[in-house]
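Fair warning: this is a prediction, and the values are worked out from it, not measured in the lab. Each chain gets a letter, A, B and so on, in the order its sequence line appears, and its residues count up from 1.
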Amino acid sequence: MARILITSALPYINGIKHLGNLVGSMLPADVYARFMRARGHEVAFVCATDEHGTPAELAAAAAGQEIAAYCAEQHEVQKAACEGFGLSFDVFGRSSSPANRELTQHFAQRLEENGYIEAREESQVYSPADGRFLPDRYVEGTCPNCGFERARGDQCDNCGKLLDPTDLIDPYSAISGSRDVELRETRHLYLLQSKLEPEVRAWVDAHPHWPQLTRSIAYKWLDEGLRDRSITRDLDWGIPVPREGFEGKVFYVWFDAPIEYIAATKEMDSDGWEAWWRTDQGADDVSYVQFMGKDNVAFHTVSFPCTLLGSKEPWKTVDTLKSLNWLTWYGGKFSTSQGRGIFMDQALEIMPADTWRWYLMANAPESDDTAFTLEAFTGAVNKDLADVLGNLVNRVTRFASSRFDGVVPEGGAPGEAEEALFVELDRRIPAYTEQLERMEFRKAFAELRAIWAAGNEYLQAAAPWTSFKTDKDRAAASVRTGLNLVRLLAELSAPVIPFTAHKMLAVFGIEDAPSWPQGEARALLDRLPHGAAFTAPDVLFRKVEDEQLAEWAERFGAPR
RNA sequence: GGGGGCGUAGCUCAAUGGUUAGAGCUGGCGGCUCAUAACCGCUAGGUUGGGGGUUCGAGUCCCUCCGCCCCUACCA
């Protein structure tokens with residue numbers, strides 16, 4: 001048994017997440033966590049809401065709420081949506097927690113003691129009308145390069161030129177529109193990443209098995225030379241900087257957010273958390289896997305490691321990164337701010353969690369951005385889930401109920417059709433297992449689908465409805481194999497469709513969390529006690545009708 | 001501007017430089033009748049974004065052009 005630490009990128013607090021966010025980190029992490037638990041490993045699956053930063057303050061203001069109350073409420077909203085999707089976090093914490101405050105301040109102190117922190121004076125754009133300093137992107141104005149009038153302070157959206165807020169002509173606040181903006185002096189703490197470059201490079205060098213994309217991003221930052229990075233902000237909401245002269249300032253959200261991975265573990269287990277995170281406290285044998293979107297890779301391969309390595313304390317660092325591309329809404333962007341696409345709460349209103357889980361994971365954006373369309377979703381639900389899997393379970397259990405009195409029949413022995421099934425499963429199950437281990441989700445679930453289809457092929461070949469008329473033992477052996485197959489498929493499918501797997505196991509009164517099938521198909525397909533009663537389940541997946549699809553397309557504004 | 005990635009069948013995706021570029025869905029044909037008009041089998045479908053090059057051999061390597069995505073350190 002191994003110990004597996006799994007973190008999902010933290011969903012930001014400013015509103016419920018859409019399907020793209022879900023499949024970008026939380027869902028694949030959940031599938032992996034469930035798979036690893038089923039294999040008998042000890043898993044800590046950690047997630048949390050990321051609650052600090054300017055966008056959170058603005059979202060709270062827009063909602064007319066105090067920031068703390070807003071975050072508390074949105075945390076519960078996101079937590080409920082995650083539960084609805086069956087995301088099996090061992091903890092879903094908050095980056096605003098006392099644990100994170102304590103740890104973030106601890107890291108800052110250690111970094112300072114080690115000479116990696118320096119206070120620097122600088123001037124930033126301040127808006128009296130808003131009563132706040134403005135991050136670069138919240139300053140807008142006319143682009144000096146192309147004349148575009150709504151260029152942002154970090155980059156012009158029209159010509160793409162990278163800008164500094166002071167470059168803008170006629171700058172104004174993007175928040176209030178006020179043109180009364182000025183430069184003010186302020187002091188901030190800088191993390192001297194430049195001094196940590198050798199350590200970080202050596203650490204990256206020590207991980208040659210990271211994906212090509214991950215490594216190239218890390219080396220790009222290293223090769224350009226790590227720049228010192230401001231880790232504090234002039235905001236009210238955040239983790240206070242415990243230093244004289246920094247009253248009213250907080251740590252930068254990107255400094256404290258990854259530390260929440262650790263703090264959330266402490267929220268989960270205030271006594272045992274160090275065994276996951278401190279290599280001197282037992283974490284040296286932990287395997288740590290991070291899931292994130294492609295935009296997040298640099299922060300996980302360079303920035304956060306700077307914090308950990310610079311502390312000179314024995315913190316656990318990531319072993320394996322899984323980064324995903326974007327899910328797109330019909331080829332365009334899902335957008336939280338513009339409400340474009342489908343959001344987690346809406347998704348659960350219209351279809352069960354497992355249908356989304358299956359579609360999203362079987363089509364996960366692993367090698368490139370992938371288009372989500374309602375038509376493809378509907379097709380996957382109807383074909384893969386309703387026809388291939390759901391109908392298989394239905395036809396087996398219904399036939400067994402009507403012909404064999406609702407018990408697992410006795411008699412007969414495996415014949416030609418069964419032997420062929422054994423051979424196929426003994427090839428496919430190890431292949432599927434290996435793809436899951438490698439986190440090659442699309443390939444894994446193509447294999448799982450093929451395993452479902454193998455069940456239908458088997459039934460077609462065995463044709464117990466025919467043999468029942470002439471050779472009841474033959475039919476009994478086939479039906480018994482079919483029923484065992486339902487159980488086996490439940491176990492194999494549980495990481496991706498846990499709710500359905502539970503229903504399939506309940507057919508045989510099995511309530512325990514499924515464990516991963518070990519051994520040969522011949523034995524796996526004869527585990528149910530002969531003569532044991534079972535209960536045929538209701539239809540597992542209802543099909544989506546054309547009218548329903550049209551209604552959804554209308555509701556969500558699907559491009560046509 | 002710089003760096004990285006991607007572009008393959010109508011759609012979503014595979015393919016250590018090596019036979020005739022493969023799956024699933026969709027379409028067409030046939031079979032079965034246990035089952036949610038489901039299932040099983042067969043089949044159709046390609047100038048691998050354009051052009052050039054290296055090689056005995058290129059979807060794969062090189063150059064170039066086109067298009068899309070990510071990063072570029074104060075959005076997170």
Length of the CD-P vector between Glu457(A) and C32(B), whole Å: 18 Å

Output the residues of residues 185-201 of chain A in contact with RNA chain B, where contact means a heavy atom of the residue under 4.0 Å from an atom of the strand; sort by number or write none. Gln193(A)

For His300(A) and Trp254(A), take the angle between the two ring planes, folded into 0 to 90°, and tell me which bin it lands in: parallel under 30, tilted 30 to 60, perpendicular over 60. perpendicular

Val396(A) or Ala364(A), whichever maps to the more 5' nucleotide of RNA chain B: Ala364(A)

In whole Å, what separates the P atom of G59(B) from that of U19(B)? 11 Å

From CD of Gln460(A) across to P of C42(B) the rounded distance in Å is 12 Å

Only Watson-Crick and G-U wobble pairs, only distances under 3.5 Å, only runs of 3 or more: what stems does that leave for RNA chain B? B:1-7 with B:66-72, B:10-13 with B:22-25, B:27-31 with B:39-43, B:49-53 with B:61-65

Where does the angle between the aromatic ring planes of Phe377(A) and Trp552(A) fall among parallel (under 30°), tilted (30 to 60°) and perpendicular (over 60°)? tilted

Roughly how many Å is it from OH in Tyr330(A) to C1' in U12(B), rounded to a whole number? 13 Å

In this structure, how many angstroms lie between the P atom of C34(B) and the CG atom of Asn391(A), rounded? 13 Å

Integer-rounded Å distance: C40(B) P and Leu421(A) CG: 13 Å

Write down the distance between NZ (Lys472(A)) and C1' (C34(B)), rounded to a whole number of angstrom. 15 Å

Residues, nucleotides or ligands: over 12 heavy atoms within 6.0 Å of Arg542(A) CZ: no

Enumerate all atom pairs, one protein N or O and one N or O from nucleotides 24-29 of chain B, separated by less than 3.5 Å.
unit_1 : atom_1 : unit_2    : atom_2 : d
C25(B) : OP1    : Arg449(A) : NH2    : 3.4

In terms of side-chain geometry, is the basic nitrogen of Arg152(A) or Asp154(A) positioned less than 4.0 Å from the acidic oxygen of its partner? yes

Can a side chain N or O of Asn394(A) be found less than 4.0 Å away from OP1 or OP2 on U36(B)? yes

Value in whole Å for how far the P atom of U12(B) lies from CD of Glu375(A): 11 Å

If only side-chain N and O atoms of Ser402(A) are considered, is one of them under 4.0 Å from the OP1 or OP2 phosphate oxygen of C34(B)? no

Arg229(A) or Ala257(A): which one's nearest nucleotide on RNA chain B is closer to the 5' end? Arg229(A)

Regarding the side chain of Asn456(A), the nearest nucleotide among C13(B), A15(B), C39(B) is C39(B)

Is it the case that atom CZ in Arg120(A) sees more than 12 heavy atoms from other parts of the structure closer than 6.0 Å? yes

Polar side chain donor-acceptor pair, Lys294(A) to Asn325(A), under 3.5 angstrom: yes

Are Arg398(A) and U36(B) close enough that a side-chain N or O sits under 4.0 Å from OP1 or OP2? yes

What nitrogen or oxygen pairs link the protein and nucleotides 68-72 of chain B at under 3.5 Å?
unit_1 : atom_1 : unit_2    : atom_2 : d
C69(B) : O2'    : Lys294(A) : NZ     : 2.4
C69(B) : O2'    : Asp369(A) : OD2    : 3.0
C70(B) : OP1    : Lys333(A) : NZ     : 3.1

Can you tell me if Tyr252(A) touches the phosphate of A76(B), counting only side-chain N or O atoms and a distance under 4.0 Å to OP1 or OP2? yes

CD (Glu121(A)) with more than 12 external heavy atoms under 6.0 Å: yes

Strictly under 3.5 Å: I want the nitrogen or oxygen pairs between protein and nucleotides 65-67 of chain B, one per line.
none

Phosphate contact (C11(B) OP1 or OP2) by Thr373(A) side-chain N/O below 4.0 Å: no

With a 3.5 Å cut-off and sequence neighbours excluded, list the donor-acceptor pairs that the side chains of residues 388-397 of chain A form with protein atoms.
unit_1    : atom_1 : unit_2    : atom_2 : d
Arg395(A) : NH1    : Asn456(A) : OD1    : 2.8
Thr397(A) : OG1    : Val393(A) : O      : 2.8
Thr397(A) : OG1    : Asn394(A) : O      : 3.3

Hey, are Asp234(A) and Arg187(A) close enough for a salt bridge, meaning a charged N less than 4.0 Å from a carboxylate O? no

Give the rounded distance in Å between these two atoms: CH2 of Trp358(A) and C1' of U12(B). 13 Å

